[in-house]
Amino acid sequence: MAPLTNLHGVSKTLTPITSCLPNAHRNLKRGQVVGFLGSKTQELSECQVQTTKRAAAIGLASIVLTGQFNDKISLAKDNGFWYDEPLPQPTVTNNIANEKTGTRSFVKKGLFMANIGVKGSVYRIKKYAFDLLAMADLITEDTLNYVRRYLRLKSTFIYYDFDKVISAIPVDEKQQLTDMANKLFDNFEKLEEATRKKSLPETKSCYQETEVMLKEVMDRMTLMYKTI
């Protein structure tokens, strides 16, 4: 190493600093911290700086994860963004459940159903029907588990939104919309069962029928959104 003259004219040789990482042989760039009140030059390697930053980050993360903040600062109990109790389970009041089981096999429990109003439910039915239509390219032999999970998520919202919309429309329109909903949900159950059995041919066959129904639902929701 080349000699370095310090502030007092004394020549010193910088000693090489090895990497902090095990089995590492490459040289690391070094930074110098010169103490003007002393006679020594202190050197910090990049790995030392990185270690210091990493320790600080871990310390901050541990505070966040353990929640050990000052009680005067913490607003977790008062912020209104989450429940301290189990999420309320939505229910249906119209005749759209499976007559044999009293529910629907695709319904996913533990989902929070925000109250977005009847018009919001109409829009969400249309939006999620469109999302399920875009699922065609996802159906392959190796992705049926993901297809089932995606179907259950979207169809659960459609199920409860349909119930809210049926309850809000005039009496003379209820039966027609109820029949449409039951036809769609019967098909959802068949499709969900096909993916559970990991039968690709059956899944594709059921999905082709589902596509037709989803397009009908989207058209109906488009008209309702303009008039409701």
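The first residue of the sequence shown is numbered 1, and numbering continues consecutively from there. All of these numbers come straight from a predicted model, not from anything done at the bench.
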The complete set of ring pair (Phe, Tyr, Trp, His ring centres under 6.0 Å) pairs with one or both residues in residues 160-208, sequence neighbours excluded, reads Phe106-Phe185, Phe106-Phe188, Tyr159-Phe185, Phe162-Phe185

d(Thr210 OG1, Leu151 CG) to nearest 0.5 Å is 7.5 Å

In terms of heavy-atom contacts, Lys183 and Glu216 come closest through NZ-OE1, 4.5 Å

Could you go through Ile125 and Phe157, starting from their C-alpha distance and side-chain angles, then the distance that decides it, and tell me whether this counts as side chain to side chain contact (heavy atoms under 4.5 Å, CB included)? CA-CA 8 Å; Ile125 291 173; Phe157 280 93; over 6 Å; no

Heavy-atom donor-acceptor pair, Lys174 side chain to Ser167 backbone, under 3.5 Å: yes

dist Lys197:NZ -> Arg148:CZ (nearest 0.5 Å) comes out at 13.0 Å

When rounded to the nearest 0.5 Å, the distance separating CD1 of Ile166 from OG1 of Thr178 is 3.5 Å

Those residues at least two apart in sequence (or on a different chain) that pass side-chain hydrogen bond (donor to acceptor under 3.5 Å, both in side chains) with Arg196 are Glu192

So CD of Gln175 and CG of Asn95: to nearest 0.5 Å the spacing works out to 8.0 Å

Are the side chains of Leu184 and Leu214 in touch, meaning some heavy atoms are under 4.5 Å apart? yes

Cluster overlap Leu111 with Tyr146, hydrophobic side-chain contacts below 4.5 Å: no

Are Ile116 and Ile228 co-members of a hydrophobic cluster defined by side-chain heavy atoms under 4.5 Å apart?
no

Contacts satisfying salt bridge (charged side-chain N to carboxylate O under 4.0 Å, His left out) that involve residues 101-128 (not counting sequence neighbours) are Arg104-Asp186, Arg104-Glu189, Arg124-Asp161, Lys127-Asp131

Output for pair (Thr93 OG1, Lys164 NZ), nearest 0.5 Å, gives 11.0 Å

